[in-house]
Structures are given as C-alpha cells and as structure tokens.
Amino acid sequence: MNAIAIKHNDEIIDLQTAKELGFEGEQIHLDNSEDSLEVLRHSTAHLMAQAIKSLYPDAKFYVGPTVKEGFYYDFKTDAEVGEGDLKRIEKQMLSFAKKKYEIEKYSITMSEAKEKFKNDHLKLAVMERITDDTVSIYKQGEFEDLCRGPHLPTIGLIRYFKLTKIAGAYLGGDSKNEMLTRIYGIAFADKESLKNHMTMLAEAEKRDHRKIGAQMKLFTFREEVGAGFPIWLPAGGRLRARLENLLFKAHRKRGYEPVRGPEMLRSDLWKTSGHYQNYGENMYFTTIDDVEFGVKPMNCVGHIKVYEDELHSYRDLPIKYFEYGVVHRHEMTGALHGLFRVREFTQDDAHIFCTTEQIEEQIIEVVDFVDKIMSTFEFDYKMMISTKPEKAVGNDEVWEVSTQALKNAMDKNKLPYEIDEGGGAFYGPKIDIKITDAIGREWQCGTIQLDFNLPERFELEYNGEDNEKIQPVMIHRAILGSFERFIGILTEHYAGEFPMFIAPTQVAIVPIADTHKDYAKSISDKLIDIGADSEIYSKNDSLNKRIRTAEKTKVPMLIIIGDEEVEGKTVAIRDRRTREQYNLSEEDFLKLIQTKINEVNF
RNA sequence: GCCGUCAUAGCUCAGUUGGCUAGAGCAGCUGAUUUGUAAUCAGCAGGCCCGGGGUUCAAAUCCUCGUGACGGCACCA
C-alpha cells in the first residue's frame, strides 16, 4: 500500500511538498486514522469544488477546510443551488475521481497570485489573511485552487464520500459580510466506515429531543402561540416537576432560600442594571399608563430587591437566594431550536451575596454542586472561564480582579478549565459549564458569574465588623441553566428512556381482563402514596396490543396483573431496561419502586 | 437577522403536466370480543390543503407578501 503523505516534525506533509523540499518521515497510508482522514477529506473538498466549478462555471471559491465531522467548502455562484443539487454534484465528483487526475502542486509569489486571481474577490479575501511571500496552488485536471494542502497524490483515491448538507455561511464568519453557499460533506477510506457513519447519524436523529418530545408527549410548540414559546404537556410536566423537586431539596440543603421576583419591572431598574443599554434589543417591553416596563430576561434585579429589603450584617453572609425564574429573551428566529433555544425559559437561578473573602469557597461550593448533578446523570462536561466582552460595564481593574478570582479558585482546587476570551456577561466574568450531548455537540448549561458591578450600581451594602458600610460581591449561578435546555439534553442523552427517578411515569400497569382493574387501581393509589406515577392500560384492546402500547411509551417498568396476581397479591414485572420478567409480592414491588425513586439525591 | 429547503386530518405521509365529491395507515369514537407478555375484527367520524393577496374558465398544485418549521451561518442559557 502506497503512502498518501508523510509525517514530518509532527506535521502532515503531502507527497508533492515532501518531494519539493526533500522531506522524509513516517508514512501515512489511506485508512481512517486522524491524519489520513485529514488529507482525504481536504482533497475531497477540492474534488467537490472541482465538480461545482464544472456545473456552475461562474462559481468562485472561498475556503474549504476539514472540520470535526468532515469538510466543507464555501463558494459563491449566481445560480441557485439547493439540496436537490447535492446528488448532481456527487455524481460529477465521482466521474472526476474516475479520471484519476493527479493533484499537482506549484508555488507562486503573493504578487503573482494576486494578479492571477485579480477577478476573484473571494480568493483575494483569502489572501488577505496570509502573510507569507509565496503561496501554493494545487491543480487537478483543469481545476486549480489556492491552498496550503496537504492533499492526496491523486483524486483517484477518493471513493467513499457523501455530501451531507447545504447551507449559507457569512464570508469570514462575519454577519456584516456577504453570504456564501456552504456545502458540507464527509469522506472515509472505506465503504463500511461511511455506511457506519451514516447509520450513526440516523441513530442520532432518532434521539432528537424534538422527535421524542412529540412521541412521548413531553412538550409541543404551536405556530399560533409564537416561535420559541414551548408548551409543556402532562408527561413533560411530570418529568419537570420531579427535577424541580429534587433540585429544590438540593438547594435547601445548601442554605439557599427560595424567593420570587416579578415577571416585569420598570425600565428604570433595567437602566440602573445596565440591561437596558446592553441587552435591550433582546428584551420585551410594554408601556402601561405612560410607564415603560421590561419583561425580565434575567432574575438578578428581583433578587437584588430581596436583598435590599433589610439591612445585612457581615455575620449573615453569604446570603443565597434561589428561584425557578421564568425569563424572556427575544432570540433571533434563526437561533431557535427545539427546547435547546427558546424565547421563554425557566432558569434554576440563584444569587449569592458574599464578602470578597468568601468568593473562592463559594465558587468551589457551586462547582461541587454542578459536579454532583452532572455525575448523577453521567454527563461529560467541561468548564470555561469567559472574560470581559466588548459590551461591558465597570472599569478594567474590577474586571481584572474578578477574572483573576475565578482563575484562582479553579487553580487552587486543581480544576481544569479553558478560556473563552470575550465571552463573559456584560456585568462580570463567568465560568460556564458545557455538557457534551449524545452526538458530541456542546451545550452551555450551568454558569457561575462573578459580579462586582451590579452591587455597585445598586449601591448594595452590609455592615462590617466596625459598623462600616461594605459592598458585597454577587455571584450569579445556574446549575442546569434552564429546565428547557437541560430536559432537551436529558431526552437525547437517554433517548427518552429516562431513569426511574425522573421518568414522567414510573410504572405502566396492564390488567389482563376487566376483573383485574380494581387491583390495578389499588396498586396505582399505593404508588401515588410513595411518590410514583403510573398509568393503567385497561382500554378495550387485546392484551398484546396494550403491552405493546405501554412498552412504546418508554416507561421504565411494566407490570401485568391477572388472576394469579390478584389472588397471590403479587405483580408480574417487565423491566424494559434489563428486559427481564419476574414476579414480586406487591409489598416488595412497592419497596423496589420506592428505593429506585429515592436512590438519587443531588 | 442572513442563505437554502419545506408546510395536506391529532400524528406519519400519498395526491400525475393546474381539471370530477382531497386519499391511506396510526391515533380517536361505536359495537363485537375479555384475552397471560409487542398490533383481534367490523363500522363511524375527522380537512379554511399554514394565513392574506393575485394569475386562471378552473389552484392543495403557479406568482407574491406574511407566519411557522427544518439545515447551517451569525447570535446565545
């Protein structure tokens, strides 16, 4: 098997370049290793560009890199290109690949390149980002493209690929620029891997919380209600209530007090907080009796008003208020996505008012809280420290101190984190908790924000040891982030098969005949007493049909009761997770359910 | 917001080049059947074909403006 590239000084060097520069190194062969796929997919992007150029002669190309899941190419053409054209482009790609064109490389100076591509504004835009004096051109058949490589020796090696989606993308990722057409694709070294990848995508689609949410009747959206406003259905309501209850206890144990602020507050307050100036375009406003009100996009101002209700001593700190706060944010239409991104959502929000000395321990306590919950659900997550954004209030010194405080807390406790420059809230830096979902996407959920600014703006204070007035520090934090997004992620994580302690329904009861309905009802009542929900499948359908229907609802446990069970006071259990069938006495069964429900505490 | 695709019954989908009372499965209702572990049978009902405007003898089908959804981009919990 011939090499397709080599590894030189830990860099992938294609054969064209290796020959030119006389480099040697470990051979990279065409397989599904990371290095090999990097080269293969990059060349497949070029092959796609070649096909696009032949089908749309006016097409101009921007960049075509490889990404985590394949590759894409951004281009511009006056023709309309839609999803239906992907097949056509694929076909053209295959026919070029069959011609086995060699991929040739040559170098020219930057000024020659600028002359060569003078009529191609996209290539000129690409070159603006390059500082080198020379650039390389890769050529296959008639098609050539400015590129740094690495590439395969020939496009004849490209066989197993698929164009997956077509979309628009801004030139240079900047919404002020023109929009280009982007086509995404995937390529592998062999047929089997491509097939597996496509199967994986189909499986991921089955887990989509929007799909499962509809099937399991967790939530819905309606056009006449408005985009981004979820409607919680009974099953979703039950699931959500379980989460809320568990979390309520968890907060109480950690010394948080439940409070509640109003849904909308006078705009003057949002001006004081800075939301009006910095976040106003995302807020909903209404004017009544000549007074303008803003619907809250965050709960902090309400909690500040709770704090202001009485004088505080340093002895009282830290003070922790929490609320399942409903907030409204006018997200842009294109951003809406199932429960992951909505315009009305409920945060598990809390604000900790503490002294500067208490910052570190408080941050660590919240990080522990987060870890407890994430590990309960077996989520992978990572933490990111986000620094001062462009739009921000407060002076640089305060930002510096607070950002450093977050880093110190993490460093001292040896907690790993990444840095997101400029990703902070306008009032302070934050630690974001990002969960990796079922298909590898990352979602921001929890957040811990350190804030010196709002206490200053609202002139918050407490009495210190010497009876002097001291400004407290505010920590804004959410563990789940929002119930909406978190439940969406949970749904995909479990593919709808929620564990007992959180499932909308714990037990499905199937009485074999009408004569067993009374027993079913009595079990159902006893389940409610121990905090479990059940549904009785007693409709006039065949037994098999009812078992099938019950199974399809993904309820964790199914019990069947007939003459034998009524007589012996037992139940016949089907556990859908373990697929086991066995019998238990009614008493043991209730104990089992109770144990399973209570086995989780945050 | 931007680029592209799309919208038919509660759900999943048919509906030919514009042409008869717009169809099916599931779900629902009624009846028969009372079942021991993944779909019993029969019947009934259900549609402002997303909304407004237009073209045409004729529109679910073509045009246009909205609304909503989907895939990305940008933005973000």
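Naming: A, B, ... by sequence-line order, numbering from 1 per chain.
Residues from residues 53-65 of chain A lying near RNA chain B, meaning a heavy-atom separation below 4.0 Å, are absent. Listed in residue order, the members of residues 171-186 of chain A having a heavy atom less than 4.0 Å from RNA chain B are A:G173, A:S175, A:M179, A:R182, A:Y184.
In the interface, the side chain of A:Y170 is not paired with the base of B:G72 through any donor and acceptor atom under 3.5 Å apart. Counting atom types as modelled, A:R574 pairs a side-chain N or O with a base atom of B:A38 as donor and acceptor under 3.5 Å. Scanning atom types as modelled, no donor and acceptor separated by under 3.5 angstrom connect the side chain of A:R222 and the base of B:C50. Interface remark: the A:E224 side chain does not form any donor-acceptor pair with the B:G51 base, using a distance-only criterion of under 3.5 Å. Judged by atom type and distance alone, A:E331 reaches the base of B:A77 through a side-chain donor-acceptor pair under 3.5 Å.
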For nucleotides 24-30 of chain B, 5' to 3', base contacts (B), sugar-phosphate-only contacts (S) and non-contacts (-) with protein non-hydrogen atoms under 4.0 Å give ---SS--
Bracket string, RNA chain B, 5' to 3' - pairs by Watson-Crick or G-U geometry under 3.5 Å, | interstrand: (((((((..((((.....[...)))).(((((.......))))).....(((((..]....))))))))))))....
Collect all protein-nucleotide pairs involving nucleotides 42-45 of chain B in which both atoms are nitrogen or oxygen and the distance is under 3.5 Å.
none

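Within the nucleic acid shown, A:K211 has no heavy atom closer than 4.0 Å to any nucleic acid atom. If you check every strand for non-hydrogen atoms under 4.0 Å, A:L543 touches sugar and phosphate atoms only.
Contacts of A:H46 classified as side chain to side chain donor-acceptor pair (under 3.5 Å), with partners at least two apart in sequence or in another chain: A:H151.
Between A:T376 and A:F602 there is a side-chain heavy-atom pair separated by less than 4.5 Å.
A:S375 contributes no side-chain N or O that, together with a main-chain N or O of A:E378, makes up a donor-acceptor pair within less than 3.5 Å.
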